[in-house]
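Heads up: the structure comes next, in structure tokens.
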2 protein chains.
Amino acid sequence: MTSNIISKTTRCHHNPQVSCGDCRLNSICLPISVHVDELDRLDEIIQRGRPLHKGDYLYHANDPFTSVYAVRSGTIKSIRITNDGEEQVTGFHLPGEILGMDGIAQNVHTNSAIALETTAVCEIPFARMEELSIKIPSLQRHFFQLMSQEITADQQLITLLSKNSAEERVASMLLSISTRNHRRQLSATLFRLAMSRADMGNYLGLTVETVSRVLSRFQKQDILAVDKKEIEILDMNALKRAAKTETC
Amino acid sequence: MTSNIISKTTRCHHNPQVSCGDCRLNSICLPISVHVDELDRLDEIIQRGRPLHKGDYLYHANDPFTSVYAVRSGTIKSIRITNDGEEQVTGFHLPGEILGMDGIAQNVHTNSAIALETTAVCEIPFARMEELSIKIPSLQRHFFQLMSQEITADQQLITLLSKNSAEERVASMLLSISTRNHRRQLSATLFRLAMSRADMGNYLGLTVETVSRVLSRFQKQDILAVDKKEIEILDMNALKRAAKTETC
DNA sequence: CGAAAATTTGACTACAATCAAACCGAGTGG
DNA sequence: CCACTCGGTTTGATTGTAGTCAAATTTTCG
């Protein structure tokens, strides 16, 4: 079993030895109500592999589904392949967030998951998690909630795609990332986008050119300072007004 | 407890007495692996109210979440209210399908659910279902699968909205309804749409006018015969070609 | 039947897509 | 160290699809 001495003395989340109890992200990815003794049982089933590098696949669409994953550092994008072979970005996953739950229905992943930068994940074997859920009801509940969150997030994106202009979509996405950064104690106003303009556009149902133009416009209006992937939000209220939608 | 004598002799799904074991839809809404003795326990927790009429709300957004619902007859639409007060249709629910799972995350419904015609539902109190899941692992698994299905369906809609033209979206939606009808032994080529053109457009991210124009065009090309809400698919292959996407 | 709602059709417009080209920064190799 | 390519990004000019506005027509239902 993972040594608590090691894990308590390290803070780097690339380090595969950090156990759930000591993970700085556990308030995001774990149910509050899991108790200390139960944490050990959870720790036992979670696997922490070596980090993925930029471009590495965590899993491919059509791979048999065995596990869901928690991001501990870095960024993952999820994509579906459309019939005509194009890719559709269905989500970006930041530290503390869970991905892979689309595979449960058919026991096969419907998305592929790709690291956008050096990324470390915890693998949670789903069958073992299911067994454990039977013994720890709060864990069962937590997984229901995680999946429900994914549903509401997807529905928010549906609304965004269906009702909002290019500017509103880009603004909403930046606010979403800002909020999620803030939740893990990072700056809400200054951050680095891990994804390319193409990925942003793909996710938002826009072309690269449109994303670029919108960012330029926001810069010209002194709402943002954009330096390639570095984004600084200069006028948060203006950005919120531009988004016309709650933060995702 | 519900009498099996009554339920075995009736076939009408508006009838609130039909138990799960005798419901013609149980292969769609229940896990195969729930056994007969377990079915009774499920039946005990499921509540079958009187039918909803057209326009009735099954629940409102922001209502406390207590239950998920299975449609037994009729059609329900789910909507979210956007910040600017517009509604976004997030789904149509046909007999055998489950709705309401968006409420689990926050213990509050994020969608409203409205009957599009006279509709009967089974109410499944979620807390009791959770308890029962601990005793019947296949039920737990089934609920995970239902939620995962909802996720993949939402992601398919995201892809449709983000990548497909008006014609492709309308064609895909008709194919989806066709497939779901066929699954419950109804005609895949001749059916009645319960929703208005406005609802279709709202769901597909299009205006009413565009939906109407696309339907007219399909009619002119002898792909469809449209008589107000009655749709007949005259050329299924052409419709599939027009959709450029798998059936949802 | 008559009023209100829903649908269809037409003319015009606007927003984002497309096509095209320039630009930038990071590497690589001469 | 420079010249080079190669991705990714930005900017510009033009086009096309679906949105908007408007009006006619059909359907629904009280």
Side-chain angles (χ1 to χ4, degrees), chain A residues 53-55 75 77 82 84 86-89 114 116-117 160-174 192-221 224-231 242 244, chain B residues 53-56 77 82 84 86-89 114-118 160-174 192-221 224-231 242 244:
Chain A
H53 298 292
K54 183 174 177 173
T75 311
K77 72 168 173 181
T82 65
D84 36 348
E86 285 182 287
E87 62 178 59
Q88 168 69 44
V89 175
I114 304 171
L116 292 177
E117 58 190 327
L160 194 69
L161 292 172
S162 168
K163 291 261 184 305
N164 293 98
S165 68
E167 289 206 355
E168 290 159 358
R169 294 184 211 179
V170 172
S172 295
M173 176 176 168
L174 293 176
R192 187 174 178 285
L193 296 174
M195 69 292 295
S196 67
R197 302 286 191 266
D199 284 334
M200 288 180 66
N202 189 318
Y203 177 69
L204 295 171
L206 301 170
T207 57
V208 207
E209 293 95 325
T210 299
V211 172
S212 175
R213 276 185 246 272
V214 170
L215 290 176
S216 299
R217 236 174 291 153
F218 283 159
Q219 191 156 220
K220 204 156 292 170
Q221 299 170 247
L224 298 179
V226 182
D227 174 24
K228 48 174 253 114
K229 306 216 158 176
E230 298 287 337
I231 302 284
K244 284 213 202 119
Chain B
H53 298 292
K54 183 173 176 172
D56 288 351
K77 73 168 172 180
T82 65
D84 36 347
E86 286 182 287
E87 61 178 60
Q88 169 68 43
V89 175
I114 304 170
L116 293 176
E117 58 190 327
T118 303
L160 195 70
L161 292 172
S162 166
K163 291 262 185 304
N164 294 98
S165 68
E167 288 206 355
E168 289 160 359
R169 294 184 212 179
V170 173
S172 294
M173 176 175 167
L174 293 175
R192 185 173 181 288
L193 296 174
M195 70 292 296
S196 67
R197 301 286 190 266
D199 284 334
M200 288 180 66
N202 188 317
Y203 177 68
L204 295 171
L206 301 170
T207 58
V208 208
E209 293 95 323
T210 299
V211 172
S212 175
R213 277 186 248 271
V214 169
L215 289 176
S216 299
R217 235 174 291 153
F218 283 158
Q219 189 155 221
K220 205 155 289 168
Q221 300 170 246
L224 299 179
V226 182
D227 174 24
K228 48 175 247 112
K229 305 216 162 174
E230 297 287 338
I231 302 284
K244 285 213 200 120

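Labels below follow one simple rule: chain letters A, B, ... track the order of the sequence lines, proteins then strands, and each chain is numbered from 1.
Atoms CG (L215(B)) and P (dT7(C)) sit 10 Å apart, rounded to a whole Å. Remark: C1' of dT8(C) and CZ of F218(B) are 17 Å apart, rounded to the nearest angstrom. Rounded to whole Å, atom C1' of dA5(C) lies 10 Å from atom NZ of K54(B). One can place CE of M200(B) at 16 Å from P of dA6(C), the figure rounded to the nearest angstrom. Counting to the nearest Å, the P atom of dA26(C) and the NZ atom of K229(A) are 12 Å from each other. Nucleotide dT8(C) holds its P atom 9 Å from the CD atom of Q219(B), rounded to whole Å.
Looking at every heavy atom in both residues, L204(B) comes nearest to M173(B) through CD1-SD, 3.8 Å. Scanning both residues, A194(B) and K229(B), for their nearest heavy atoms gives O-NZ, 3.9 Å. Closest non-hydrogen pair, T210(A) versus A166(A), comes out as CG2-CB, 3.6 Å. Between L161(A) and S162(B), the closest heavy-atom pair is CD1-CB, 4.2 Å.
The stretch residues 204-213 of chain B comes close to DNA chain C through E209(B), S212(B), R213(B), each having a heavy atom under 4.0 Å from the strand.
Side-chain contact check for L215(B) versus R197(B): some heavy-atom pair is nearer than 4.5 Å. Residues L193(A) and L174(A) meet the side-chain proximity criterion, which asks for heavy atoms closer than 4.5 Å. In this structure, the side chains of K163(B) and E86(A) come closer than 4.5 Å at one or more pairs of heavy atoms.
A salt bridge links E167(B) to R217(B): one of the charged nitrogens lies within less than 4.0 Å of a carboxylate oxygen.
Read 5' to 3', the first and last nucleotides of DNA chain D with an atom closer than 4.0 Å to a heavy atom of chain B are dA18(D) to dC29(D).
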